[in-house]
Structures are given as C-alpha cells and as structure tokens.
Colleague: 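Would you mind keeping the following structure in view while I ask a few things?
In listed order, ligands and their atoms are each counted from 1. Heavy-atom basis, side chains included; hydrogens, waters and symmetry copies ignored.
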Amino acid sequence: MNMTTLRDLHDLPLPELLYRAQTVHRLHNDPNKVQLCTLLNIKSGGCPEDCAYCPQSARYNTGIDAEKLMPLDGVIAAAQKAKAGGSTRFCMGAAWRQVRDNNDFDRVLDMVRAVKKFDLEVCCTLGMVTQDQANRLAEAGITAYNHNLDTGRSYYDNVISTRQYDDRINTLDAVRAAGIQVCCGGIIGMGESIEHRLEMLAELAAMDPHPESVPVNALVPVQGTPLQDQHPVDPIEMVRMIATTRITLPTTRVRLSAGRQQMSESTQALCFIAGANSIFTGEKLLTTPNPSHDADHALLHKLGMEAMHAA
Ligand code: SAM
Ligand code: DTB
Ligand code: SF4
C-alpha cells in the first residue's frame with residue numbers, strides 16, 4: 001500500500017474507517033477477544049542509548065536507577081503469577097543497547113527456557129542482536145522478539161542518535177532468519193506528523209511476511225526525558241492509527257500498549273473496535289504505571305469481551 005492510499009484510509013470519516021477496520025478484523029480474528037500479556041523488566045535502567053522517550057536511558061535524570069539482571073527465581077515467580085492471572089504471553093525487557101555474549105545472556109536463555117515451561121508465549125526485548133544470538137534465542141524456545149522501529153525513517157533522527165534505522169532493520173532480519181516471530185511497532189505522540197506514522201506503517205507492511213505482532217504505544221511522557229512536555233496523544237488519533245494498522249496488517253496481533261493508564265475506558269473500547277486485540281496487564285509496564293489486572297478484567301467484562309485462552 002503506498003503512502004497516498006494509507007493517508008486516504010487514515011483520514012476517512014471515522015464511522016467509515018471503523019467499519020472497514022471491523023470488517024477486516026472479523027475476517028481474520030475473533031473481534032471479542034483480546035490477548036493478555038505480562039511485561040517484566042528483567043534489567044532496569046542505565047541504558048547507554050539516547051532514545052528521547054525512554055525513562056531507562058542513563059543520559060536523563062528520571063529517577064530510574066541502573067539495576068543488575070534479575071535472578072531466575074524472580075522471573076519464575078512472575079511467570080507463574082502471569083499464568084494464574086490469565087496471561088498467555090510473557091515479555092521480558094532489558095535496558096540494553098545490544099545483547100552481549102556473556103553470562104547475562106546465558107542467564108536470559110535460562111529464563112526463556114523456564115518461562116516456556118509454563119506454556120506461555122515467550123517474548124524478549126533486549127536491544128540489538130546478532131544472527132548467532134538470535135539463533136541461540138530460537139534454540140532456547142523463544143516465541144517472538146520485540147524490537148520497534150519506533151517511528152518513520154525520516155523522523156527517526158529527531159528521536160534517537162545513538163543507532164540508525166538500518167541497525168534496527170538488521171536485528172529484525174536476524175530475528176526473522178532465526179525463525180522467531182517478529183514483534184515490531186512504534187510510538188505515537190513524539191511530535192511526529194501523521195505522515196511519519198504512516199511511513200512507519202508502510203515499512204511494517206512491506207515486510208514479508210508481516211510482523212506477527214505490532215505494538216502501538218502512545219507516548220508516556222516521563223519527567224526528565226527530552227519528551228517530558230509532549231502533549232497527550234489525541235484519543236481519536238490513537239483510534240485512527242490502530243484502525244489503519246488493522247486494515248493494513250489483517251492477521252497481525254495489534255497491541256494497544258503504552259499509554260492505556262492515560263486513556264479513558266471509551267477510548268480503549270474504540271481501539272478494540274478499531275482492531276486492537278492485545279493489551280499488557282499488571283500495574284507496571286516496564287517503569288511506568290498501567291491499569292491494574294482488576295481494572296482490566298472489569299473493563300473487558302463491561303464490554304462483554306473475553307481474554308484469549310492459550311492456543
Ligand atoms: N532496550 C530495548 C530496545 O530499545 O529495543 C528494549 C526495551 S524498550 C523500553 C521497548 C520499547 O518500549 C521501545 O522501543 C519503545 O517503543 C517503548 N517505550 C519506551 N519508553 C516509552 C514511553 N515513555 N512511552 C511509550 N513507549 C515507550
Ligand atoms: C512495546 O512496544 N511496548 C512495551 C513493550 N514493547 C516492551 C514497553 C512499553 C514501555 C513504556 C515505558 C515504560 O514503562 O518504561
Ligand atoms: Fe530505552 Fe531501549 Fe532506548 Fe535503551 S535502547 S534507551 S532501554 S528504548
């Protein structure tokens with residue numbers, strides 16, 4: 001789909017856009033179900049990168065301290081709790097620029113093997129990986145690897161200077177070549193234009209096969225980061241982005257990710273109608289607040305929707 005077509009789609013009258021998104025959604029997915037995912041920050045803070053949105057960059061004073069890699073038993077306890085709470089996917093994040101071939105990586109591989117035993121989908125987001133590292137993650141049984149493009153290529157330099165767009169693409173290629181599912185999306189609300197957002201979407205849509213999973217994050221402005229004073233994302237812009245993503249990537253799991261704590265229930269409901277079919281549950285994302293497990297179950301109940309069961 002070219003940029004003009006994407007823009008025409010994105011700017012349709014909202015009822016028409018939502019109708020089209022629901023139509024595509026129903027052809028490929030159960031429109032009343034959302035996957036519950038749990039995030040765990042296995043290595044918080046102290047990251048050398050300068051991603052302007054990120055509270056875990058060592059360059060900004062955000063009150064997040066650099067910690068060591070979490071012990072395996074903590075991960076196992078969190079996975080057990082996630083499973084009991086109805087999550088079918090468990091995502092471990094580390095504030096690293098890239099994976100290194102050291103003892104910490106061996107320990108992450110042990111974590112992947114341990115979480116896998118709970119019959120959960122296992123995802124990791126650890127920064128850049130080489131082909132060999134991706135292969136080792138695949139051998140350990142990882143389901144998916146998250147590595148976001150974050151924004152359109154032509155806006156990227158406004159957000160991150162310590163690595164290039166093509167570095168991201170190289171990691172994604174290694175993940176795909178290792179036979180791991182690709183989880184790749186971005187953030188809206190960083191001062192970018194609609195064109196920049198759609199530029200990112202066009203990049204995702206050009207991947208063959210499409211990423212199995214696309215997180216759409218609304219920027220959570222964190223005090224101390226260069227983006228601390230950004231205006232909140234307009235809720236209807238979030239809905240339009242989700243709907244356009246759903247129509248463009250019909251079978252992909254579209255994840256309504258960061259920013260839900262700042263969103264009304266009605267906005268979240270519109271995002272589900274627009275085709276979002278996954279959320280992160282639990283009171284914390286990596287470092288920022290997220291709706292509680294109880295709040296999410298109450299919302300799904302109110303909407304007559306259900307959590308997805310394990311496949
Ligand atoms: N260090 C790894 C990396 O950058 O790939 C993994 C962790 S990183 C925190 C994962 C993703 O979270 C980022 O690519 C970004 O899209 C998202 N993210 C981080 N901070 C955010 C914020 N304040 N608001 C919304 N999304 C954010
Ligand atoms: C993604 O795209 N969103 C999640 C997940 N991938 C790892 C992380 C959102 C983090 C939001 C900021 C924070 O809590 O630190
Ligand atoms: Fe944050 Fe990841 Fe960027 Fe590090 S690489 S600053 S953890 S988004």
Colleague: Listed by chain and number, what are the salt bridge (charged side-chain N to carboxylate O under 4.0 Å, His left out) partners of Asp110, not counting sequence neighbours?
Modeller: Arg113
Colleague: Examine the proximity of ligand 2 to Pro55 and report which part, side chain or backbone, both or neither, has a heavy atom under 4.0 Å away.
Modeller: side chain
Colleague: Please state which protein non-hydrogen atom is closest to atom 15 (O) of ligand 2 and give its distance, to 0.1 Å?
Modeller: Thr287 OG1, 2.6 Å
Colleague: Under a 4.0 Å threshold between the charged nitrogen and the carboxylate oxygen, would Glu237 count as salt-bridged to Arg197?
Modeller: yes
Colleague: Distance under 4.0 Å to a non-hydrogen atom of Pro215: what atoms of ligand 2 satisfy this?
Modeller: 2 (O)
Colleague: Which parts of the protein, at residue level, reach under 4.0 Å of ligand 1 through a heavy atom?
Modeller: Tyr53, Pro55, Ala94, Trp96, Thr125, Gly127, His147, Asn148, Asp150, Arg168, Ile187, Asn217, Ala218, Leu219, Val220, Ala258, Leu286
Colleague: Just to be careful: counting only protein atoms that are N, O or S, how many fall under 2.8 Å of atom 3 (Fe) of ligand 3?
Modeller: 1
Colleague: In chain order, what residues pass the ring pair (Phe, Tyr, Trp, His ring centres under 6.0 Å) check against His210, with sequence neighbours excluded?
Modeller: none
Colleague: Please list the nearest protein heavy atom to atom 7 (C) of ligand 2 with its residue and the distance rounded to 0.1 Å.
Modeller: Leu39 CD2, 3.6 Å
Colleague: Give the atom numbers and elements of ligand 2 that come within less than 4.0 Å of a heavy atom of Asn146.
Modeller: 6 (N)
Colleague: Check Lys116, Gln181, Gln35 against Glu121 for a side chain to side chain donor-acceptor pair (under 3.5 Å) and give me the one that passes.
Modeller: Gln35
Colleague: Say whether Val220 and ligand 2 are in contact under the criterion: heavy-atom distance to a ligand atom below 4.0 Å.
Modeller: no
Colleague: Give me the residue, atom name and distance of the protein heavy atom closest to atom 10 (C) of ligand 2.
Modeller: Leu286 CD1, 4.0 Å
Colleague: Which ligand 3 atoms does Arg163 reach within 4.0 Å, using its non-hydrogen atoms?
Modeller: 5 (S)
